[in-house]
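Structure, as structure tokens:
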Amino acid sequence: MTVKKVPHLAHWGAFTAVVEEGKLLRCEPFFADQDPSPMLNSIPELVYSDKRIRKPMVRRSWLKSRENSDRTLRGREDFVEVDWDTALDLVAEENRRVRDKYGASGIFNGSYGWSSAGRVNHARTLIRRFYSQGGGGIDQLGNYSWGAAQFFLPYVIGTYMPLTGRVTDWPDVVEHAEIFVAFGGLALKNGQVASGGAGQHSLKPALLELAAKGTPVINISPMRDDCPEFVNAEWIPIRPNTDVALMLALGFEIQRLNAVDTAFLQSHCVGYPQLLSYLLGESDKTPKTPKWASEITGIPALRIEQLAKQLIGKRSFITCSYSVQRAHRGEQPYWMMIALSSMLGQPGLPGAGFSFGHGSMNSVGNPRIEGPAPMMSTGVNPIADQAIPVARISDMLLNPGEPYSFQGQTHTYPDIHLIHWAGGNPFHHHQQLNRLVEGWQRPDAVIVQDIVWTPAAQMADIVLPVTTTLERNDIGGSSRDRFVLAMHQAIKPQHQARNDFDIFADLADRLGYRETFTENRNEAQWIEHLYQQCAVAHQRKGVDWPEFQTFWEQGHVEVPVGEKPFIFMEDFRRDPVVNPIKTASGKIELFSETIAGYQLPDFAPHPEWQPPKEWLGAEISQRFPLHMISIQPKDRLHSQMDATPSVQANKTAGHETLWMHPEDATPRGIADGDVIDVSNDRGRMLAGVRVTDGVSTGVVLISTGAWFDPGFGKAWQPYDRAGNPNVLTLDIGTSSLTQGPNAMSCLVEIKKAKDCKSA
């Protein structure tokens, strides 16, 4: 028998694909990875899944009536098989028709999700490139991971780059931090994945070193297991969405104890007098005392006072997970964390300061010489000024021509007649899915290209089958990982699947701009071109890379760590005049004159506590008394792999697992393993319950990623049967400033399911 092993890459790590007689057997972890992800084991299951899209398909009545078809039949009607030429002709014809009749703003070129670790066949890049070069289309701004912070942090610290992982290196934190405070925890499962892939998983090794050093770690979260047991973290349970109230009280205490670093605030910050007035209650008659915060957060006032004392006089490293800002008014804890660290004089010191995402994604804080990852250009979108915030899809589809506020300006939603979606599953990421279904029925046509029959594909008019990464060649890597990796084709394309690059090239050919799109390069030539771009950039920093053929045969190139650790804001701290940050003042802004000038009704020019629309202190909690937090799953990436047997085996009673405290389960007559009905005014879903004391009372947890299932291909049910929490989440922006996604402000009620026949 012929066995071959080839290098490859996924978002959950580099690996060697083991193939026997043309069949993928397994994925062996990369030699340099100290903590390889068990998700690698699911890859063969995806490749050979019975959910693969085997042939180009067109919804039956759309094929007959095109834009005049009944759009409410999307997801309910069967598909007709067509050949590739017919499918591509239909896509090109619809593209041309909509562009001619409605202009570029009638087309929504959607893509979201970590569609591929490869950068030549990266769907989100390719669809943007295709539409940018074809006359433009409506694009999305930001992301669901840290969309609110991305559009807010530049006002305060001049950049959002720390969100991408460019923060103080882990070795520096381990060596110098004297206390580590994690708002939102340090969940190892989140550290399994990195956009673009990774040669090393860094979170667990770093935390092991931190634990060996004996550094005190404090986990401030509704979840005990947000930190691994070996870290020996102290768990301070907090009521969801109230982190900023705790931080304000800590600031009040630090000021009361005369422990503020006045010199740092004067030399490196602006706006502390205004913030201080708010902390002391001079501006609103409410001092932000520990007692005040205790009533909001559920944390005893004495513990808040003690925590303030623990921070004083220490090299303190404070981090917020991405999930903290995925809530109504989610920008506020990020702002106050920066203010708190500044009050203590910590930014720019070794092992100290503030950070984002240490428990949210792999590669955060990885030491390496700064340099680009392989990346194809998307080109310039002629209507880039009309792009919408990523989480406002339903608003756009349901309210064409209506105004909305974003970044202090008023914009208008476009009128969409064509959705072309490549890579990712919006019926996983987006909030309030029943509302998205309604919006999804508005356009004339929906085109989806994907690997498997995701809910988005089942809701399409034209479906194009795409290869997995293992069925094509590519190159991958992340700007925060120390490896650029070759991705060799391991097996032939399954069924009639084709590469994303080839699909878009053939569509561009039909629309008259193939050469512009491809730049006269095929897949192999693009791989080498992207490698050479990275090599030249690193050579400028004194790092020589091998010739391309050597890299391709070896399977990877390793980027050096660098001579000295990276410390975020180190240069700024050393000399804020010579090295100003890119804010309006050149300093950290604890009060923003720019934001003040916007005069937004829901966003003050300094950190503040305003109750979220839904939280356990809201009036609606009388009807829906449980706060539902949707967390990242440990056995898949978003909704990728959900259809595989390994993931399905982890369900509870055939549904996504929801964790709840026994004090919440027992009064409802719910026992471990039961099927439960989870609902609010926005929807209803079934889930399987696990009872645990690892969550706060009044809080329930459920992983995202279950494939939305209202009953595709038949009469739809009025609920989701899989356990997708976004059936229930609130579809409003985090604020009118950033319009970020708002999944974490969600109240529900739960009862034991009576009729589980549909399960």
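For clarity, every value in this text was computed on a predicted model and none was experimentally measured.
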List for me each residue that meets side-chain hydrogen bond (donor to acceptor under 3.5 Å, both in side chains) alongside [X], sequence neighbours excluded, and say none if there are none.
| X | answer |
| --- | --- |
| T454 | none |
| Q431 | none |
| T729 | N726 |

- Note on the structure: By ring-ring contact (aromatic ring centres under 6.0 Å, His included), W12 pairs with (sequence neighbours left out) none

- Item | Those residues that, when tested against F152, pass ring-ring contact (aromatic ring centres under 6.0 Å, His included) (two or more places apart) | W335, F603

Using modelled atom types only, decide if a donor and an acceptor are shared between the side chain of [X] and the backbone of [Y] within a distance under 3.5 Å.
| X | Y | result |
| --- | --- | --- |
| R71 | R442 | yes |
| Q554 | F551 | no |
| S65 | W62 | no |
| Q325 | Y322 | yes |
| N362 | Q192 | no |
| K51 | T644 | no |
| R636 | T704 | yes |
| D481 | G199 | yes |
| D474 | A486 | no |
| Q407 | Q409 | no |

With sequence neighbours left out, write down each residue that passes salt bridge (Lys or Arg N to Asp or Glu O under 4.0 Å) with [X], or none if nothing qualifies.
| X | value |
| --- | --- |
| D50 | none |
| D415 | none |
| D89 | R510 |

- Query: Which word best sums up how the rings of Y531 and W545 line up, parallel for under 30°, tilted for 30 to 60°, or perpendicular for over 60°?
  - Reply: tilted

- Task: Mark yes when over 12 heavy atoms from residues, nucleotides or ligands other than Q539 sit less than 6.0 Å from its CD; otherwise mark no.
- Result: yes

- Message: With a 6.0 Å cut-off (strictly less than), is the heavy-atom count around OH of Y598, excluding the residue itself, greater than 12?
- Response: yes

Just wondering, do [Y] and [X] contact through their side chains at under 4.5 Å, heavy atoms?
| X | Y | result |
| --- | --- | --- |
| D83 | K55 | no |
| I503 | V466 | yes |
| V437 | Q441 | yes |
| L153 | W146 | no |
| V446 | W421 | no |
| F712 | F708 | yes |
| L470 | L24 | yes |
| I447 | I462 | yes |

- Between atom NE2 of H538 and atom NZ of K541, what is the distance when rounded to the nearest 0.5 Å? 7.5 Å

- Derivation of the salt bridge (Lys or Arg N to Asp or Glu O under 4.0 Å) call for E471 and R52: CA-CA 13 Å; E471 298 156 41; R52 286 292 298 265; 2.9 Å; yes

Between [X] and [Y], ring centroids under 6.0 Å:
| X | Y | answer |
| --- | --- | --- |
| F151 | F406 | yes |
| W552 | H488 | yes |
| Y144 | H638 | no |

- Item | Pair T518-F504, side chain to side chain contact (heavy atoms under 4.5 Å, CB included): steps then yes or no | CA-CA 9 Å; T518 65; F504 281 113; over 6 Å; no

- Query: Taking atom types as modelled, is there a side-chain donor on T734 or Q739 under 3.5 Å from an acceptor on the other?
  - Reply: no

- Distance-only donor-acceptor check, side chains S360 and N190, under 3.5 Å: no

- Task: Give the intermediate values and the outcome of side chain to side chain contact (heavy atoms under 4.5 Å, CB included) for residues C27 and H8.
- Result: CA-CA 9 Å; C27 301; H8 211 75; over 6 Å; no

Can you give each donor-acceptor pair under 3.5 Å made by side-chain atoms of residues 126-140, sequence neighbours left out, with the distance rounded to 0.1 Å?
residue: R128; atom: NE; partner: D139; partner atom: OD1; Å: 3.3
residue: R128; atom: NE; partner: D139; partner atom: OD2; Å: 2.9
residue: R128; atom: NH2; partner: Q140; partner atom: O; Å: 3.3
residue: R129; atom: NE; partner: F517; partner atom: O; Å: 2.9
residue: R129; atom: NH1; partner: S377; partner atom: O; Å: 2.8
residue: R129; atom: NH2; partner: F517; partner atom: O; Å: 2.9
residue: R129; atom: NH2; partner: E519; partner atom: OE2; Å: 2.9
residue: Y131; atom: OH; partner: N95; partner atom: ND2; Å: 3.0
residue: Y131; atom: OH; partner: H420; partner atom: ND1; Å: 2.8
residue: S132; atom: OG; partner: R128; partner atom: O; Å: 2.8
residue: Q133; atom: OE1; partner: F517; partner atom: N; Å: 3.4
residue: Q140; atom: OE1; partner: S111; partner atom: N; Å: 3.3

- For M487 and L9, which heavy atoms make the closest approach, and how far apart are they? CE-O, 3.5 Å

- With respect to T467, which candidate in D502, N121, N499 satisfies the side chain to side chain donor-acceptor pair (under 3.5 Å) definition? N499

By the salt bridge (charged side-chain N to carboxylate O under 4.0 Å, His left out) test, which pairs, at least two apart or in different chains, include something from [range]?
| range | value |
| --- | --- |
| residues 397-412 | none |
| residues 455-465 | R59-D461, R74-D461 |
| residues 368-384 | R166-E370, E370-R480 |

Is [X] salt-bridged to [Y], cutoff N-O under 4.0 Å?
| X | Y | answer |
| --- | --- | --- |
| D500 | R124 | no |
| R392 | D731 | yes |
| R97 | E94 | yes |

- Would you please test R514 and D506 for salt bridge (Lys or Arg N to Asp or Glu O under 4.0 Å) and show each step? CA-CA 7 Å; R514 183 187 190 95; D506 284 353; 2.8 Å; yes

- Name the one of W707, F79, F427 that satisfies ring-ring contact (aromatic ring centres under 6.0 Å, His included) with W453? F79

- Begin with the C-alpha distance, continue with both residues' side-chain angles, and end with the deciding distance and a verdict on side-chain hydrogen bond (donor to acceptor under 3.5 Å, both in side chains) for S61 and D70. CA-CA 7 Å; S61 63; D70 182 351; over 6 Å; no

